[in-house]
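A quick write-up on the structure given underneath.
As the structure lists them, so they are numbered: ligands from 1, and atoms in each ligand from 1.
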Amino acid sequence: MSIGTNWAGNLRYGAATIARPRSREELSGVLATAGPLRPLGSRHSFNDIADTTGTLIDLSAMPAEVERTAPDAVRVSGGMRYGELGVDLQRRGLALANFASLPHISVAGAVSTGTHGSGDGIGSLATAVRAVTLAGPDGERTLHRGDADFAGAVVSLGALGVMVEVELDVEPAYDVAQTVHEGPAWDALLAEFDRATALGTSVSIFSRWTDRDRADQLWVKNRVGGPALDAELLARLGTTPATVQRHPILGAPAEACTPQLGEPGPWHERLPHFRLAFTPSAGEELQSEYLVPRRDAARAIEAIRALADRIAPLLLVNEIRTVAADDLWLSPSYGEAAVGLHFTWRRDQPAVEALLPAIEAVLPDTARPHWGKLSTLEPAEVHRRLPRWADFAALEARMDPAGRFRNAYLERLGL
Ligand SMILES: Cc1cc2nc3c(=O)[nH]c(=O)nc-3n(C[C@H](O)[C@H](O)[C@H](O)COP(=O)(O)OP(=O)(O)OC[C@H]3O[C@@H](n4cnc5c(N)ncnc54)[C@H](O)[C@@H]3O)c2cc1C
């Protein structure tokens, strides 16, 4: 039986079989079967993190449930997609603080890899998790924020069991207005980096690196009622306001993108760049991303800028975002606020993998890779850059002593 491919089409899953349990009871039956197991989300990762030689467990047929557990918390099914969750929360007058660039990804899959959006004051999606329920061959276990192992169990790469539900922080629903500013000058952006990323609740810098002097676009998503846009800074950066709807890849058709031009709308229809009903991003693409501590951001961007001639021919677009610090052991923003340097590549994997070592060599040695994207960093280097790696390895050995959830990706990492 063919299980098919990941979203990008660059990975054909090697699993022997796929299970689609429709209830917790059916799931426990799957977990009781012999052989390696691996939870699968909405297949949006670009590497083999979600693959196995045994049974893939896809939760998309489980009921998508949202339950209010406190004035500021909801419990949601792990297999639910963020886009559906956003619609449900908005109906209840509730909201999340953050969103990734696309609403198509599953909650458990996104949380497990440290997926993030942008915002100086907002953490990755995993930071909204206040409790997580993991199911394994020996039953279910719920860990709450503050419990000893909790900080290791949220961004956990699918290694600790099947995340059947998570409890998330929510707040009253709010509106966001999104504006695009074209052509910011790199020298001014780097000189004013802290002010530029504070222009709104959520800011992204897009560049195809065809021009070393100017980035393509600055996207600003601002909560309605918050401080007005800093016009003086936008002028100093040399931007001009976009007068038409834009795609992150300048010039690409923009109908897949959430409304811009300052039109206010609910948070879940503005924080993601892409709309649920459309193909996000470019479709035919690969992605890599490295998160550097904020103090190293200017150095990292200058290093990329110096490689522009080698990067641009393979690149669809580079996006720079900010993520607040957290205490989740495997989070790329563990311990320090981070800046994400994300690359959307043309779908030429050999060429991308040949270029990545050159990028990794010039980035500061504090750069941590995104778990769900392509990287060629040596495992020992990844461990060194994550101070809690050994704690996570010990937790994994305790929670999955038989290694039922291990796969080739985790073994390469040294688990
Ligand atoms: C077009 C596009 C845009 C993207 N934009 C962003 C972005 O803005 N920010 C960002 O940070 N990343 C982004 N990504 C990367 C993406 O968010 C991550 O790869 C994410 O992990 C995908 O979630 P998924 O549901 O597809 O999980 P999968 O790719 O299916 O799985 C990822 C991992 O989660 C585990 N997992 C899945 N479900 C469960 C479960 N129920 N229990 C336990 N573990 C589970 C899997 O075992 C695997 O280890 C983007 C990807 C694409 C394709």
May I ask whether Lys373 places a heavy atom under 4.0 Å from ligand 1?
yes
Number the atoms of ligand 1 from 1 as they appear, then name those within less than 4.0 Å of a heavy atom of Ser106, with their elements.
25 (O)
Taking heavy atoms and a distance under 4.0 Å, where does Gln287 meet ligand 1: side chain, backbone, both or neither?
side chain
Hey, can you tell me if His104 and His44 have their rings parallel, tilted or perpendicular (30° and 60° cut-offs)?
tilted
Of Phe274, Trp219, Phe278, which meets ring pair (Phe, Tyr, Trp, His ring centres under 6.0 Å) against His247?
Phe274
For Gly161, the ligand 1 atoms with a heavy-atom partner under 4.0 Å come out as 42 (N), 43 (C)
Gly78: heavy atom below 4.0 Å from ligand 1, yes or no?
no
Looking at Ala100, which atoms of ligand 1 are within less than 4.0 Å of one of its heavy atoms?
7 (C), 8 (O)
Under 4.0 Å from a heavy atom of Leu59: which atoms of ligand 1 are those, numbered in the order shown and with their elements?
41 (N)
Taking only heavy atoms of Arg38 into account, list the atoms of ligand 1 that are under 4.0 Å away from them.
47 (O), 49 (O)
Residues in side chain to side chain donor-acceptor pair (under 3.5 Å) with Arg246, at least two apart?
Glu182
Between Ala110 and ligand 1, which residue portion shows a heavy-atom distance shorter than 4.0 Å: side chain, backbone, both, or neither?
backbone
For Glu353, all residues meeting side chain to side chain donor-acceptor pair (under 3.5 Å), sequence neighbours excluded
Gln349
Using non-hydrogen atoms of the residue, decide whether Glu319 is closer than 4.0 angstrom to ligand 1.
no
Atoms in ligand 1 with a heavy atom of Leu157 nearer than 4.0 Å:
49 (O)
Which of the atoms of ligand 1 are close to Ser101, meaning less than 4.0 Å from one of its heavy atoms?
3 (C), 4 (C), 5 (N), 6 (C), 7 (C), 8 (O)
Looking only at protein heavy atoms, identify the closest one to atom 42 (N) of ligand 1 and say how far it is in Å.
Met163 N, 2.7 Å
